[in-house]
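These notes concern the structure reproduced below.
Scope of the values below: all heavy atoms of this structure, side chains included, with no hydrogens, waters or symmetry mates.
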Amino acid sequence: MLESDLIWDDWRERRACEHSGGVLLRHRLGNISLVGLLRAELQREAERFPILITKVVYSGSHAGDSLPVETIPTLQRELELLCEFRCSTREAYSIISEFRAQMSELANTAISVNKPIVF
């Protein structure tokens, strides 16, 4: 753990963006319950959303996880599939729609600066 902290500190000091705290864009995707709802909805068609399920909503408490830039085009395709996804409730539809908008903005921003998405 100490070694990864040192690597992180070095990156922030020498190579991070010049934005406040090294963060260009930030979205709060939700609390543990909301992420659980997202995961439950997407699990109904798990084969269509492998990155979202295994890398984004697998946990409601991410701690330093990231999606490398080379993964983001696949993530974007999954986000496009969410446009035609049939939610089980109106509440779920609203949550999925907001999630898709936020994740799309994160993905587009990450691609534009060639940086990973970090959770």
Side-chain angles (χ1 to χ4, degrees):
M1 185 69 167
L2 178 59
E3 184 176 334
S4 65
D5 288 345
L6 291 172
I7 291 169
W8 167 250
D9 289 342
D10 180 62
W11 176 83
R12 281 191 58 162
E13 189 65 34
R14 298 172 193 246
R15 296 184 310 244
C17 300
E18 294 180 10
H19 310 315
S20 177
V23 177
L24 176 59
L25 176 67
R26 176 178 299 185
H27 282 301
R28 182 177 185 275
L29 298 177
N31 62 23
I32 290 174
S33 295
L34 190 128
V35 171
L37 184 144
L38 287 166
R39 184 175 50 252
E41 283 291 311
L42 296 177
Q43 284 286 359
R44 295 185 305 109
E45 296 184 30
E47 68 284 348
R48 297 177 74 194
F49 306 107
I51 290 177
L52 287 171
I53 292 169
T54 64
K55 304 289 185 189
V56 180
V57 298
Y58 76 91
S59 170
S61 59
H62 285 280
D65 296 337
S66 65
L67 289 175
V69 174
E70 50 278 356
T71 305
I72 296 175
T74 305
L75 171 68
Q76 289 174 311
R77 285 190 290 281
E78 289 183 25
L79 293 169
E80 289 171 12
L81 291 174
L82 282 179
C83 290
E84 59 192 49
F85 183 74
R86 295 212 177 231
C87 296
S88 62
T89 67
R90 286 184 186 192
E91 175 192 22
Y93 174 80
S94 176
I95 291 167
I96 290 275
S97 294
E98 179 69 16
F99 171 74
R100 181 186 176 277
Q102 290 179 328
M103 286 302 301
S104 293
E105 188 176 13
L106 289 168
N108 292 337
T109 300
I111 291 288
S112 74
V113 294
N114 199 35
K115 299 283 185 184
I117 298 174
V118 179
F119 301 93

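- Between Leu42 atom CG and Glu78 atom CD the span is 8.5 Å, to the nearest 0.5 Å.
- Atom CZ of Arg86 and atom CZ of Arg44 lie 10.5 Å apart (nearest 0.5 Å).
- Once rounded to the nearest 0.5 Å, the distance linking NZ of Lys115 with CD1 of Ile72 reads 12.0 Å.
- Here Phe49 contributes atom CZ and Leu75 contributes atom CG; the two are 11.0 Å apart, rounded to the nearest 0.5 Å.
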CA sep, side-chain torsions, deciding dist, call: Leu38, Leu52, side-chain contact (heavy atoms from CB on, under 4.5 Å):
CA-CA 9 Å; Leu38 287 166; Leu52 287 171; over 6 Å; no
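- Proximity of a side-chain donor or acceptor of Glu45 to a complementary backbone N or O of Phe85 within less than 3.5 Å is not detected.
- A donor-acceptor pair shorter than 3.5 Å cannot be found between the side chains of Ser104 and Gln76.
- With a 4.5 Å cut-off on side-chain heavy atoms, Val56 and Asp65 do not count as touching.
- Taking 4.5 Å as the limit, some side-chain heavy atom of Leu34 sits within range of a side-chain heavy atom of Asn31.
- Judged as a ring-ring contact (aromatic ring centres under 6.0 Å, His included), and not counting sequence neighbours, Phe99 has no contacts.
- Between Ile96 and Glu41, the closest side-chain pair of non-hydrogen atoms falls below 4.5 Å.
- Remark: Glu70 engages Pro68 in a side-chain contact (heavy atoms from CB on, under 4.5 Å) (not counting sequence neighbours).
- Across all their heavy atoms, Pro116 and Val69 have their closest contact at N-CG2, 3.6 Å.
- Under the rule for a salt bridge (Lys or Arg N to Asp or Glu O under 4.0 Å), Arg77 has no partner lying at least two apart in sequence or in another chain.
- Rounded to the nearest 0.5 Å, atoms CG (Leu37) and CD1 (Ile95) are 4.5 Å apart.
- To the nearest 0.5 Å, atoms CD1 (Ile53) and CD (Glu47) are separated by 8.0 Å.
- Checked by atom type and distance alone, the side chain of Arg39 never pairs as donor or acceptor with a backbone atom of Thr54 at under 3.5 Å.
- Contact check for Leu67 versus Ile51: side-chain heavy atoms found under the 4.5 Å cut-off.
- Between Glu84 and Arg48, at least one side-chain N (NZ, or NE/NH1/NH2) sits under 4.0 Å from a carboxylate O, which counts as a salt bridge.
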